[in-house]
Each structure stands twice: as structure tokens, then as C-alpha cells.
2 protein chains.
Amino acid sequence: MTVLQDRDARREVLLAAADRVVQRDGASASMAAIAAEAGITKPILYRHFGDKSGLYAALAERHTDSLLDALVDALTGGGTPRERVHRTIDTYLATIEQQPQVYRFLVQSEEAASAHGQVRGFLRRLQELLAAGIAHELALEAEDLRSFVWAAGIVGMVQSAGERWLEVQDCSRDALAGLLTDLLWGAYGSSAD
Amino acid sequence: MTVLQDRDARREVLLAAADRVVQRDGASASMAAIAAEAGITKPILYRHFGDKSGLYAALAERHTDSLLDALVDALTGGGTPRERVHRTIDTYLATIEQQPQVYRFLVQSEEAASAHGQVRGFLRRLQELLAAGIAHELALEAEDLRSFVWAAGIVGMVQSAGERWLEVQDCSRDALAGLLTDLLWGAYGSSAD
DNA sequence: TGACATCTGTTACCGCCGGTAACACCGTAG
DNA sequence: CTACGGTGTTACCGGCGGTAACAGATGTCA
């Protein structure tokens with residue numbers, strides 16, 4: 001059954017090419033450009049991924065898997081809860097700092113895919129993961145609303161602050177992670193009281 | 001100088017038509033559709049707004065102005081800091097609940113415009129406003145990093161949790177606002193310690 | 001009045017995109 | 001030799017954002 005191996009191997013090659021194009025062209029990478037980079041033509045791309053959102057999903061999964069692993073490690077490692085949260089946020093920020101183009105592509109693919117079909121994208125998986133982590137950390141029941149709401153909120157918080165930071169770069173990564181950790185520990189609320 | 005009045009009046013008519021189309025077609029509203037809704041043709045639209053992001057910006061400003069006013073009222077009204085934050089978040093959620101299509105259009109326009117040109121969009125203005133509010137509330141210097149970072153974080157937090165809520169609708173608006181306020185007051189951090 | 005410029009509006013086009021139909025090639029099974 | 005499934009291509013479709021080029025009204029100056 002070398003045909004299946006060939007298919008998978010080819011798929012990897014195509015994804016690698018897509019990766020390169022995204023890294024070069026940013027989020028506006030077109031299917032034709034990706035096909036050209038891979039040295040093939042569009043219909044082949046469509047036969048493999050069906051759809052642009054299909055390629056989005058495959059590419060997202062690829063990057064998301066490694067990032068999620070790193071985040072789980074950071075979150076479940078040693079130290080106080082606060083140290084672990086700080087470390088986890090820093091891990092996230094490090095990723096988007098090193099690969100901003102890919103990161104932007106993933107976030108946009110999230111929007112594009114969620115609007116059209118039912119593809120679990122980048123941020124969505126992050127939220128699910130974090131919700132499970134929060135439920136475990138706080139010993140909540142699995143269906144507790146708080147874990148879902150807070151996970152969505154925290155992901156949005158880090159994402160939004162991270163995006164701003166990518167543009168203006170007005171402090172060190174560690175300082176930003178610290179400020180966000182402070183915010184999660186009620187630095188704003190308790191200051192305002 | 002009725003010509004200027006005419007121009008402005010026309011502009012309002014066009015924006016109203018754009019509004020209707022966005023409300024109907026969602027974020028994928030096309031320039032041709034907007035022109036048709038207004039009973040004119042595309043070049044006129046382009047003569048008035050130059051560009052799609054120009055129309056985006058004009059439309060965003062329109063909605064953002066009223067929303068920002070409401071948010072300022074909520075934030076600077078009476079009550080404890082916590083009550084005011086709760087009320088402000090609820091105001092935001094009420095807006096995106098009542099006009100989800102418009103809201104999605106604004107957020108997307110933010111991305112589209114910020115990627116291409118230098119248009120201060122919806123979320124950006126929200127962040128600036130909130131940063132000023134935070135600096136005032138906590139008596140920080142105007143250039144204090146914390147106000148900017150926290151503003152970006154809080155806006156992202158509410159936006160992300162609000163988007164999730166729009167899709168699943170698994171609790172009342174007030175309950176969601178309460179959970180997010182809790183989060184800002186360190187409910188997660190202090191629970192995890 | 002007639003000639004000219006200007007503003008408003010149109011049609012018809014451009015290039016690019018995502019996506020696909022239809023056909024050419026080539027190794028293999030009968 | 002033939003029939004066939006898979007791989008690859010070219011060439012197209014409709015729709016998008018955006019624009020050039022032209023047509024008609026309107027006001028201005030001689």
C-alpha cells in the first residue's frame with residue numbers, strides 16, 4: 001500500500017510549502033501561490049484538502065499541536081499557580097513573537113473557518129484546553145460555566161494584549177506576561193476598589 | 001454651498017444603505033450589494049469613500065460613537081468600581097447581542113483595515129478609551145504601560161467571551177457579565193492559589 | 001446665444017481570487 | 001491490445017475590489 005504512504009508524504013510536502021508561503025506572504029496567502037511554491041497546480045491542492053478552509057484546518061492543526069504541547073507543559077510544570085500561569089502566557093507570547101505571520105494566519109483562519117463551516121480552529125482548541133485546565137485547577141465540575149467563560153476570556157485577553165504588543169513592542173516579553181498575570185490575579189480590581 | 005450639504009446628506013444615505021446590507025448579509029457585504037441597496041452604482045460609492053476600508057471606517061465610526069458614549073456613561077456612572085465595571089461589560093454585551101451582524105462586521109473591518117492601512121477601528125478605539133479610563137481610575141501616569149496592556153487585555157477578554165456567548169448562549173447576559181467581572185477581580189487567581 | 005469646463009452618473013472593463021470541469025497521460029489488469 | 005483508475009494539466013466559471021472611459025446635465029464666461 002505505498003499509495004497511502006505516498007499520499008501522506010505528499011500531504012506533508014504540501015503543508016510544508018503552504019507553511020513557507022504563509023511565512024512569506026502572511027495571512028493573504030493564496031491557493032495558487034501555495035500550489036506554485038509546491039511546484040504543482042491548484043486542482044491537486046484541492047484534491048488533497050478539498051477546500052481552502054480544509055488546508056487552513058490542516059495547517060492550523062500542525063502548528064497548534066506543538067504549541068498546545070508546549071502550553072500544557074508550561075501549565076502543568078512546577079511552581080506556584082502564579083508562576084505556572086506566568087510561564088504559560090510567556091510560552092504563548094514567545095510563539096507569536098517568533099512566528100507572527102503564521103500566528104496571524106491561524107487566527108484569521110479561525111474566523112474564516114468558523115464563519116463558514118464547523119472547523120475547530122486554533123483559538124477554539126486553545127479555549128477547550130484551557131477550560132479543562134481551569135476545571136482541573138479549581139476542582140470544578142466539568143460542565144461548570146466558569147471554566148468555559150474564563151477560558152474564553154483569558155485566551156482573548158492574552159491574544160489581544162499579545163497582538164498589541166507585537167505591533168508596538170513597548171516592553172519585554174517577560175514584563176508583558178507579568179502584567180497579564182497581575183491582571184488575572186485581580187491587580188485591576190483590587191486597585192480600583 | 002448646497003453642494004457640500006448634498007454631499008454630506010448623500011453620504012448619510014449611503015451609510016444607511018450600507019448598514020442595511022450589513023445587517024442582512026453579515027460581514028461579507030460586498031460593495032456592489034451596498035451600491036445596489038442604495039440605488040446607485042459602484043463608482044459613486046468609491047468616489048465617496050475611496051476604498052472599501054474607507055467605507056468600513058466610516059461605518060465603524062458611526063456605530064462606535066454611540067457605543068462609546070454608552071460605555072463611558074456606564075463606566076463613569078454611580079456605584080462601586082465593581083458595579084460600574086459590571087454595568088460597562090453588560091452594556092457592551094447588550095450591544096453585540098442586539099446587533100451581532102454589525103458587530104461582526106466591525107471586528108472584521110478592524111482586521112482588514114489594520115492589516116492594510118492605518119485606520120483606527122472599532123476595537124482600537126475601545127482600547128484607547130478604556131486605557132484612559134483605567135489610567136484615571138487607578139491614578140496612573142498617562143504613559144503607564146499598565147493602562148495600555150490591561151485595556152487591550154480586558155477588551156480582548158470581553159470580546160472573546162462575548163463571541164463565545166453569542167454562539168452558545170448558555171447563560172444570561174447578566175450572569176456572563178458577572179463572571180467576567182469576577183475574573184477581573186482575581187476570581188481565578190485567588191481560587192488557584 | 002454658443003463654447004467650455006465641471007460634476008454626476010453610467011457601462012464596461014481589469015486582475016485576482018476560490019473553485020471546478022474536462023481532458024491528457026500512464027502504469028496496470030484482463 | 002484494450003480497458004481502466006489515478007495523476008496531472010489547461011482552461012474556464014462566477015464574484016470580488018477597483019477603475020478607465022465615456023454620456024449627460026449644469027453653470028460660467030465670451
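Order of the sequence lines fixes the chain letters, A, B, ..., with proteins taken first and strands second; residue numbering starts at 1 for each chain. Computed from heavy atoms alone, side chains included, the values below leave out hydrogens, waters and symmetry copies. Keep in mind it's a predicted model, so treat the numbers as computed, not measured.
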### Query
When you look at A/Leu130 and A/Leu75, which way does the side-chain contact (heavy atoms from CB on, under 4.5 Å) test go after all the steps?
CA-CA 9 Å; A/Leu130 188 57; A/Leu75 193 56; 4.3 Å; yes
Atom-to-atom span, [atom1] of [X] to [atom2] of [N] - whole angstrom:
{"X": "A/Lys42", "N": "D/dC13", "atom1": "NZ", "atom2": "P", "answer": "13 Å"}
{"X": "B/Arg7", "N": "C/dT6", "atom1": "CZ", "atom2": "P", "answer": "16 Å"}
{"X": "B/Leu45", "N": "D/dT19", "atom1": "CG", "atom2": "P", "answer": "12 Å"}
{"X": "B/Asp51", "N": "D/dG18", "atom1": "CG", "atom2": "P", "answer": "4 Å"}
{"X": "A/His48", "N": "D/dT7", "atom1": "NE2", "atom2": "P", "answer": "7 Å"}

### Message
Set out, in order, the CA-CA distance, both residues' side-chain angles and the distance that settles side-chain contact (heavy atoms from CB on, under 4.5 Å) for A/Leu15 and A/Glu12, then state yes or no.
### Response
CA-CA 5 Å; A/Leu15 285 177; A/Glu12 285 307 308; 4.3 Å; yes
Hey, can you pull the donor-acceptor pairs under 3.5 Å for the side chains in residues 35-44 of chain B, sequence neighbours left out?
residue : atom : partner : partner atom : Å
B/Glu37 : OE1  : B/Arg24 : NH2          : 3.0
B/Glu37 : OE2  : B/Arg20 : NH1          : 2.3

### Task
Report the C-alpha distance between A/Arg87 and A/Asp73 in whole Å, list the side-chain angles of each, state the deciding distance to 0.1 Å, and finish with yes or no for salt bridge (charged side-chain N to carboxylate O under 4.0 Å, His left out).
CA-CA 10 Å; A/Arg87 196 197 311 142; A/Asp73 286 349; over 6 Å; no
### Task
Kindly indicate, with the supporting measurements, whether the criterion side-chain contact (heavy atoms from CB on, under 4.5 Å) is fulfilled by A/Gln159 and A/Leu126.
CA-CA 11 Å; A/Gln159 200 254 326; A/Leu126 220 64; over 6 Å; no
### Message
Keeping B/Ser160 on the side-chain end and B/Gly156 on the backbone end, is there a donor-acceptor pair under 3.5 Å?
### Response
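Answer holds: no.
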### Query
Counting distance only, does the side-chain N/O of B/Ser147 pair as donor-acceptor with the main-chain N or O of B/Glu143 below 3.5 Å?
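Between the backbone of B/Glu143 and the side chain of B/Ser147 there is no qualifying donor-acceptor contact (under 3.5 Å).
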### Degree of bending in the helix from C/dT1-D/dA30 to C/dG30-D/dC1 once both end axes are built from five pairs, to 10°
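End-to-end axis angle: 40°.
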### Listed partners of B/Arg164 passing side chain to side chain donor-acceptor pair (under 3.5 Å), at least two apart
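Applying side chain to side chain donor-acceptor pair (under 3.5 Å) to B/Arg164 gives B/Asp170.
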### Task
Between A/Ile40 and B/Pro43, name the one whose nearest nucleotide on DNA chain D is closer to the 5' end.
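Result: A/Ile40.
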### Of B/Tyr46 and A/Ile44, the one whose closest DNA chain D nucleotide lies more 5'
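Closer to the 5' end of DNA chain D: A/Ile44.
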### Task
Mind running salt bridge (charged side-chain N to carboxylate O under 4.0 Å, His left out) on B/Arg146 and A/Asp182 for me, showing each step along the way?
CA-CA 10 Å; B/Arg146 280 175 290 181; A/Asp182 290 345; over 6 Å; no
#### Entry: D/dG6 phosphate, OP1 or OP2, under 4.0 Å from A/Arg10 side-chain N/O
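Answer is no, no contact under 4.0 Å.
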### Query
Taking only N and O in the side chain of A/Thr41, is any of them less than 4.0 Å away from OP1 or OP2 of D/dT9?
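So the side-chain polar atoms of A/Thr41 do come within 4.0 Å of the phosphate oxygens OP1 or OP2 of D/dT9, strictly under.
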### Task
Using the ring-ring contact (aromatic ring centres under 6.0 Å, His included) rule, collect all pairs that involve residues 60-105 of chain A, keeping only residues at least two apart or in two chains.
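Pairs touching residues 60-105 of chain A that pass the test: A/Tyr56-A/Phe105.
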### Query
In residues 17-37 of chain A, what residues come within less than 4.0 Å of DNA chain D, judged by heavy atoms?
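Hits under 4.0 Å, by residue number: none.
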### Message
Please determine whether any donor N or O and acceptor N or O are separated by less than 3.5 Å between the side chain of A/Lys52 and the base of C/dG19.
### Response
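Under the 3.5 Å cut-off, the side chain and the base do not form any donor-acceptor pair.
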### Message
Tell me whether B/Trp165 shares a hydrophobic cluster with B/Val155, the cluster being built from Ile, Leu, Val, Met, Phe, Trp, Tyr side chains joined at under 4.5 Å.
### Response
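Both belong to a single hydrophobic cluster.
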Which atoms of nucleotides 22-27 of chain D (N or O only) lie under 3.5 Å from a protein N or O atom, and what are those distances?
none

